[in-house]
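Accompanying notes for the structure given below.
The sequence lines fix the lettering, A, B, ..., with proteins before strands; numbering per chain opens at 1.
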Number of protein chains: 4
Amino acid sequence: MDRKQAIIESATRLFAEKGFYSTSTIEVAETAGVAHGTLFYHYKNKEGIVLEIFRHAKKVYLQELEISVANRPTGMEKIESMLRFNAAFKRTHSRQLLIFLRDFPEKLTSEESELKTMVKETNAQVLAIISRCLTEGIEDGSVAPVDTDKTAYIINGLIFGLLHMDLLSPVQVPELEANVIAFCRAALSPAVPEQYASSQ
Amino acid sequence: MDRKQAIIESATRLFAEKGFYSTSTIEVAETAGVAHGTLFYHYKNKEGIVLEIFRHAKKVYLQELEISVANRPTGMEKIESMLRFNAAFKRTHSRQLLIFLRDFPEKLTSEESELKTMVKETNAQVLAIISRCLTEGIEDGSVAPVDTDKTAYIINGLIFGLLHMDLLSPVQVPELEANVIAFCRAALSPAVPEQYASSQ
Amino acid sequence: MDRKQAIIESATRLFAEKGFYSTSTIEVAETAGVAHGTLFYHYKNKEGIVLEIFRHAKKVYLQELEISVANRPTGMEKIESMLRFNAAFKRTHSRQLLIFLRDFPEKLTSEESELKTMVKETNAQVLAIISRCLTEGIEDGSVAPVDTDKTAYIINGLIFGLLHMDLLSPVQVPELEANVIAFCRAALSPAVPEQYASSQ
Amino acid sequence: MDRKQAIIESATRLFAEKGFYSTSTIEVAETAGVAHGTLFYHYKNKEGIVLEIFRHAKKVYLQELEISVANRPTGMEKIESMLRFNAAFKRTHSRQLLIFLRDFPEKLTSEESELKTMVKETNAQVLAIISRCLTEGIEDGSVAPVDTDKTAYIINGLIFGLLHMDLLSPVQVPELEANVIAFCRAALSPAVPEQYASSQ
DNA sequence: GATGAATGAGGTTTCATTCAT
DNA sequence: CATGAATGAAACCTCATTCAT
């Protein structure tokens with residue numbers, strides 16, 4: 001039995017259920033079936049455990065995000081695919097996302113932690129991907145000529161905000177995937193519908 | 001000087017700068033120039049202090065939000081005005097928003113606290129306002145015939161996500177106000193531009 | 001009952017008996033009859049407790065050392081009086097001295113602690129006092145013309161070394177007070193005894 | 001490379017630099033380039049490592065100390081030679097002495113350890129050597145008729161105290177070798193200078 | 001209304017040592 | 001001979017809250 005992996009699994013579950021700060025390292029050890037000290041043999045810190053969780057999630061997220069936008073004919077379809085992927089990722093990795101959204105904002109403004117660096121990197125890559133899709137969309141005519149960088153921030157904000165509402169808000173959020181896609185499609189489509197464009 | 005008010009002011013500043021959980025009640029008392037015990041004479045507990053901060057911010061936010069959408073001719077313009085108001089509120093109440101965004105996600109999924117109730121109420125009201133604006137917009141022709149409830153969630157998510165990025169994300173976010181308005185306007189505008197609509 | 005004082009008294013006893021590092025803060029609290037947390041209300045640290053012990057001992061030591069050398073007619077008699085005072089202080093403050101000699105060498109080479117500063121100051125003052133006595137002794141003819149600064153180091157080293165042996169060495173040290181005085185007197189006396197000096 | 005020796009060398013360096021208690025066994029192993037478990041294969045425990053260091057230093061010290069006093073014509077010259085040797089040993093074995101002076105006082109008052117026995121033995125031998133030199137000096141007329149045992153304690157205390165100041169004190173200690181010799185010579189010389197003694 | 005001394009539960013981390021391989 | 005994963009005891013310290021004055 002791999003103790004290192006058992007620790008990660010217990011931690012992911014407990015942190016998601018009870019919160020990082022409300023879960024004691026003793027609980028993690030007990031749930032994983034290892035001695036308390038074993039945690040600190042394998043990971044430097046309590047934070048080290050959660051970093052391992054995030055490192056893995058980040059890697060999977062970025063890899064699959066890249067795949068989701070590849071092999072789509074137009075920029076608009078790439079954006080759409082990306083939105084779909086995000087909705088799917090929320091379903092498969094809700095625990096990791098929940099831990100991150102709920103428990104780490106605090107770290108992000110204060111200390112210069114490894115977490116902060118990871119978030120910064122992930123953010124930058126995601127923004128770059130969105131921006132690239134928009135640029136392609138503008139070139140292939142599927143997207144209106146918007147400021148690609150700023151629009152990337154907006155789409156990223158939209159994804160993040162909906163994720164946050166879904167996982168953390170005390171209000172019940174309905175299924176929005178189709179509507180979000182329609183919303184973005186409408187926002188990004190060239191202003192003049194094609195059937196009219198030809199008549200100009 | 002009013003001790004009760006001094007406590008709130010110190011707390012707002014310290015919680016915003018250092019985080020709610022990283023600020024001890026003793027620090028709040030010292031900064032406010034009152035004895036430690038005085039905090040608990042005026043407020044039930046540490047959370048009571050932050051609740052007072054939020055209660056006030058909530059009241060101001062909802063009042064001014066209502067005002068911002070009143071007296072606008074069309075639904076679309078109400079939405080626009082609301083977006084503008086949010087950007088302005090972010091500037092005037094960044095500390096309160098920061099405390100809320102950074103430090104309270106934890107409470108929102110776990111306990112059935114007064115905070116949770118407050119957030120639920122505020123959320124519901126904001127969603128209702130947006131939804132109402134959209135309905136009016138559809139009626140007056142300034143907004144495309146969308147599902148008003150779901151679109152309200154989307155717009156709310158967008159606002160929240162951008163707010164979050166701006167205040168908490170380690171990446172530097174550019175000024176997006178005008179772009180956000182353009183984005184939403186494009187997303188919500190009736191598909192057929194007016195000049196063509198008339199020719200149908 | 002003064003809890004702050006009770007803590008100091010228990011700590012002095014326990015640290016002397018068992019050593020600073022082998023005494024837990026819980027033990028100190030229990031012995032003093034206060035809650036564990038009370039230690040940290042009154043003192044910043046475990047180290048803070050021992051610093052308080054030293055601060056007091058330092059003050060008493062330097063004050064009484066000054067008194068012991070005042071009002072002695074010659075420099076040689078001042079030195080003698082100082083040696084006597086040191087022997088007496090060893091008897092009245094053996095616990096404080098023991099704690100210091102046994103448990104703090106470690107701190108003195110590494111960190112830039114308050115303890116280090118205190119030791120440095122005390123050392124400098126003691127050296128200055130000895131040096132001053134020697135200078136006076138040379139002027140009044142009771143002390144041979146030695147290098148006062150270096151000799152002050154030597155006498156200080158002698159005092160310290162004997163103290164250390166007495167309190168810490170596993171060998172049993174006999175009563176040496178009179179012999180030490182004779183030794184120093186011989187070392188410092190002008191080379192030519194007075195009865196012969198006149199015949200020159 | 002000899003693992004056992006590598007461990008001793010790393011330990012000597014680390015213990016001297018960082019202190020025995022602040023150096024973990026894992027650090028010693030890493031620095032020595034051996035596995036953690038290897039330490040406990042070769043030495044019973046952490047203390048066993050330092051005992052090995054001291055055993056060697058003790059042996060060298062006593063051997064060379066004996067040599068330093070042999071073949072000197074008078075008792076006084078033996079004492080002088082011994083003082084010189086101590087100053088030299090301080091230079092060649094500062095690390096071992098530092099570890100001993102700084103980190104082991106604690107052990108010396110409490111447990112009945114092998115270390116305590118070693119110190120006791122060393123101490124007794126050194127005192128015996130000094131005492132013997134003094135006796136010889138008294139017999140050959142180079143030393144005043146002092147109580148040899150007690151004076152041996154005093155000289156030992158002086159050597160130890162100066163060593164301690166030099167290696168551990170936060171104050172900068174000047175070069176004192178010549179002065180210490182002069183001090184002891186003056187203290188031990190027969191009171192009546194020879195030119196007068198003959199005239200009696 | 002205001003104080004501040006006192007509490008005590010709770011949490012993270014360190015580390016020498018063991019032992020199966 | 002040598003390893004290194006695993007242990008678990010022990011320690012320090014923080015802090016919101018209480019309550020007698």
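D:Glu47 places its CD atom 16 Å from the C1' atom of E:dC15, with the value rounded to the nearest Å. To the nearest angstrom, C1' of E:dT14 lies 13 Å from NZ of D:Lys18. In this structure, the CD atom of B:Glu30 is 15 Å from the C1' atom of F:dA16, given to the nearest Å. E:dA6 atom C1' lies 10 Å from atom CD1 of C:Ile7, rounded to whole Å. Taking atom CZ of residue B:Phe40 and atom P of nucleotide F:dT21, one finds them 21 Å apart after rounding to whole Å. Atom C1' of nucleotide E:dC15 and atom CG of A:Leu39 are separated by 15 Å, given to the nearest angstrom. Counting to the nearest Å, the P atom of E:dA2 and the CG atom of B:Asp2 are 8 Å from each other. Going from atom CG of D:Leu51 over to atom C1' of E:dA16 covers 16 Å, rounded to whole Å.
At the phosphate of F:dC13, OP1 or OP2 sits under 4.0 Å from a side-chain N or O atom of C:Asn45. The shortest distance between the side-chain N/O atoms of A:His42 and the OP1/OP2 oxygens of F:dA5 is not below 4.0 Å. Residue C:Arg3 places none of its side-chain N or O atoms closer than 4.0 Å to OP1 or OP2 of E:dA5. Taking 4.0 angstrom as the limit, A:His36 places none of its side-chain polar atoms (N or O) nearer than this to OP1 or OP2 of F:dA9. Put simply, C:Thr25 has a side-chain N or O that comes within less than 4.0 Å of OP1 or OP2 on F:dC12.
With DNA chain F read from its 5' end, the first of the two nearest nucleotides for B:Lys44 and C:Tyr41 is the one closest to C:Tyr41. Residue B:Gly33 is the one, among A:Ser24 and B:Gly33, whose nearest nucleotide of DNA chain E lies closer to the 5' end (criterion: closest heavy atom).
Taking the six-membered ring for Trp, B:Phe160 and A:His164 have ring centres closer than 6.0 Å.
Among the heavy atoms of the strands lying under 4.0 Å from A:Thr38 is at least one base atom, whether or not backbone atoms are also near. Contacts of B:Thr23 with the nucleic acid, taken as non-hydrogen atoms under 4.0 Å apart, involve only primed sugar atoms and P, OP1 or OP2.
A side-chain donor from one of A:Thr25 and A:His36 sits under 3.5 Å from a side-chain acceptor of the other.
Shown here, E:dA20 forms a base pair with F:dT3; the pair counts as Watson-Crick or G-U wobble because both key distances fall under 3.5 Å.
A perpendicular orientation is assigned to the rings of A:Phe100 and A:Phe54, their planes being inclined by more than 60° (bins at 30° and 60°). Between D:Phe20 and D:Phe15, the ring planes are perpendicular. Angles over 60° get that label, and only those under 30° would be called parallel.
How far CD of B:Glu9 is from NZ of B:Lys4: 13.5 Å, rounded to the nearest 0.5 Å.
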